Amino acid sequence: MALHLGRMSAGPWWRAARGGCGELRAWSQRSAAEPICRRPPGTHGTVQSRGLGHGRTARGAPWLGTGLAAALGGVAGLAAAAFGHVQRAEMVPKSSGARSPSLEKPAEEDELARRCSGFMAAPVTDLRELRRRPGDMKTKMELLILETQAQVCQALAQVDGVASFSVDRWERKEGGGGISCILQDGSVFEKAGVSISVIHGNLSEEAAKQMRSRGRILKSNDGKLPFTAMGVSSVIHPKNPHAPSFHFNYRYFEVEEADGNKHWWFGGGCDLTPTYLNQEDAVHFHRTLKEACDQHGPDLYPKFKKWCDDYFLIAHRGERRGIGGIFFDDLASPSKEEVFRFVQSCAQAVVPSYIPLVKKHCDDSFTPQEKLWQQLRRGRYVEFNLVYDRGTKFGLLTPGSRIESILMSLPLTARWEYMHSPSENSKEAEILEVLRHPRDWVH
């Protein structure tokens with residue numbers, strides 16, 4: 001079923017964002033209630049953990065890469081990520097009114113109902129099951145990704161001010177389902193998708209082979225390997241060529257062997273893809289991610305920044321897809337709770353790292369030539385996702401895939417020109433130099 005949501009009310013979900021186009025200021029409820037870009041775009045005029053990320057599984061190459069969200073969104077219904085600001089978001093104010101004893105509910109039920117009331121749709125898992133296992137990582141992660149989806153959708157709708165989200169709730173016959181929220185052809189955004197999925201079942205033989213090829217010893221029972229996977233993923237393509245495209249996803253995976261032994265890991269990251277280089281934007285984006293990572297160890301940002309630069313290489317072009325960010329996969333040490341807290345911190349950096357950049361540039365004027373260059377760079381985005389992204393390829397080659405979820409990341413429009421090459425010393429050549437030779441933006 002598809003529901004259409006217009007501009008949603010904005011609560012105090014985060015504390016810092018870009019106030020108006022081109023202006024940094026504190027985020028307020030008043031500014032959240034107003035549209036950001038009032039004219040059409042383009043018109044002229046800590047507690048450190050011990051050794052997070054240093055375990056055996058954190059060093060290997062990514063299993064499915066950033067497309068895991070889309071692939072499992074199609075194959076198994078997975079999509080992945082989490083967000084907020086440095087402090088936990090409060091989407092619905094707590095009630096201060098007294099309850100009569102006859103209507104009193106257990107505290108955990110009130111809290112769950114409060115959180116769920118702010119989601120884009122009801123949880124995939126039955127509420128009775130979520131209440132039965134409140135401390136289980138599957139419950140915690142599902143609530144986190146649902147909260148993330150709602151907060152990001154609210155932020156995007158508030159920035160756009162015109163378009164509405166289509167909310168598509170779907171089920172997977174093998175087990176689980178998901179919620180895909182899509183905004184298309186708005187005032188600010190050409191296409192913005194924020195999807196979550198929570199799925200379970202048995203791993204396909206192809207997926208099991210990929211895991212085993214990377215050193216995981218998985219003992220199946222008559223060829224069956226039960227798994228649970230969940231995550232949130234988002235890809236955002238603004239209309240204005242001076243506003244960068246953006247991607248993030250965060251995910252959690254469990255596999256149970258024949259003897260009952262469970263393997264678990266987290267993955268995710270976020271990255272920025274500008275059409276034109278703005279050094280202030282790049283520094284802001286990477287510094288925000290570094291601050292999130294540094295809460296859990298000083299070595300995490302440089303490690304995951306390099307992993308991101310390496311992963312998003314379009315080898316046949318000799319270019320990265322964008323200016324990077326962070327990327328990690330198979331993160332399973334030092335403990336489940338510590339890695340979950342790290343994922344929370346990274347997810348909570350999503351809105352403050354990206355939304356200020358869109359607000360800053362949503363009203364920038366641009367020329368037809370700059371719009372053309374944006375379309376050519378969108379073509380590179382498509383090339384990476386269809387040729388190199390492991391999750392996308394995995395999903396497209398697997399029977400039963402949900403194609404719409406897999407291809408959600410693609411822009412509405414893109415362009416390819418034969419032997420196109422930008423002029424020397426042009427703004428287009430400047431961004432190409434950065435894409436060919438990644439920079440350190442925070443030192």
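All residue numbers refer to positions in the sequence shown, counting from 1. Worth saying up front: this structure is predicted, and the values here are computed from it rather than measured.
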Checking Gln374 side chain against Lys239 main chain: does a donor-acceptor pair fall under 3.5 Å? yes
Rounded to the nearest 0.5 Å, the OG1 atom of Thr125 sits from the NZ atom of Lys138 at a distance of 9.5 Å
Distance col, row Lys290:NZ vs Arg287:CZ, nearest 0.5 angstrom, shows 9.0 Å
Sidechain-backbone polar pair: Glu370 side chain, Thr367 backbone, donor-acceptor under 3.5 Å: yes
* For the pair Arg251 and Asp329, find out whether any cationic side-chain nitrogen is under 4.0 Å from an anionic carboxylate oxygen. => yes
Original post:
Parallel, tilted or perpendicular: which fits the ring planes of Tyr252 and Phe266, with parallel below 30° and perpendicular above 60°?
Top reply: tilted
| said: Could you go through Glu338 and Lys336, starting from their C-alpha distance and side-chain angles, then the distance that decides it, and tell me whether this counts as salt bridge (charged side-chain N to carboxylate O under 4.0 Å, His left out)? | reply: CA-CA 6 Å; Glu338 287 174 290; Lys336 191 179 291 186; over 6 Å; no
>> Closer than 3.5 angstrom, by distance alone: can the side chain of Asp363 be matched with the main-chain N or O of Ser365 as a donor-acceptor pair?
In response: no
Heavy-atom closest pair (Trp170 atom, Ile196 atom, distance to 0.1 Å) is CZ2-O, 4.3 Å
Per side chain to side chain contact (heavy atoms under 4.5 Å, CB included), Ile355 is matched among Leu156, Val152, Val350 by Leu156
Taking 4.0 angstrom as the limit, do Arg377 and Glu319 come out as a salt bridge?
yes
CD1 (Ile326) and CG (Leu289) are apart, to the nearest 0.5 Å, by 5.0 Å
Pro438 and Arg320 have their tightest heavy-atom pair at CG-NE, 3.6 Å
*Can you tell me if Ser409 and Asn385 form a side-chain donor-acceptor pair at under 3.5 Å?*
yes
Query raised in the report: Distance only, no hydrogens: is a donor on one side chain within 3.5 Å (strictly under) of an acceptor on the other, for His247 and Asp271?
Result: yes
Output for pair (Leu410 CG, Arg378 CZ), nearest 0.5 Å, gives 11.5 Å
Is it true that, when you exclude Lys140 itself, more than 12 heavy atoms of the residues, nucleotides or ligands shown sit nearer than 6.0 Å to its NZ? yes
Can you tell me if Glu254 uses its side chain to pair, donor with acceptor, with the backbone of Phe227 under 3.5 Å? no
message: Does Phe285 form a side-chain contact (heavy atoms from CB on, under 4.5 Å) with Cys270? I'd like the steps, not just the answer.
response: CA-CA 10 Å; Phe285 182 74; Cys270 63; 4.1 Å; yes
Donor-acceptor pair, side chain of Glu190 and main chain of Leu412, under 3.5 angstrom = yes
Which of Phe384, Tyr388, Trp307 passes ring-ring contact (aromatic ring centres under 6.0 Å, His included) with Phe312? Answer is Phe384
Side-chain donor-acceptor pair present, Asp294, His296, cut-off under 3.5 Å: no
(Q) Does this structure show an ion pair linking Glu383 with Arg321, if we count only N-O contacts that are shorter than 4.0 Å? (A) no
### Query
Sub-3.5 Å donor-acceptor pair from the side chain of Asp364 to the main-chain atoms of His242, do we have one?
no
Salt bridge flag under 4.0 Å for residues Lys173 and Glu171 = no
So does Ala122 get a backbone contact from the side chain of Arg169, meaning a donor-acceptor N/O pair under 3.5 Å? yes
**Full working for side-chain contact (heavy atoms from CB on, under 4.5 Å) between Leu435 and Glu430** = CA-CA 9 Å; Leu435 299 178; Glu430 180 185 33; over 6 Å; no
- Message: Under a plain distance cut-off of 3.5 Å, with no hydrogens placed, do His284 and Asp281 share a side-chain donor-acceptor pair?
- Response: no
To the nearest 0.5 Å, atom OG1 of Thr273 lies from atom CD1 of Ile431 at 9.0 Å
Residues Cys116 and Pro123: closest non-hydrogen pair is SG-CG, 3.6 Å
On a heavy-atom basis, the closest approach of Gln149 and Ile179 is NE2-O, 2.9 Å
Among side-chain atoms of Ser423 and Glu428, is any donor-acceptor pair under 3.5 angstrom? no
Can we call the ring centroids of Tyr354 and Phe246 under 6.0 Å apart? yes
message = With a 3.5 Å distance limit and no angle check, can you tell me whether His200 reaches the backbone of Glu174 through a side-chain donor-acceptor pair?
response = no
OG of Ser245 to CZ of Phe189, rounded to nearest 0.5 Å, is 10.0 Å
So, Ser195 versus Ser180: side-chain donor-acceptor pair below 3.5 Å or not? yes
- Would you please indicate if the ring centroids of His237 and Tyr381 are separated by under 6.0 Å? yes
Whether the side chain of Ser353 engages the backbone of Thr288 through a donor-acceptor N/O pair (distance < 3.5 Å, no angle test) should be reported. no
- Between the main-chain N or O of Gly324 and the side-chain N or O of Lys305, is there a donor-acceptor pair closer than 3.5 Å? no
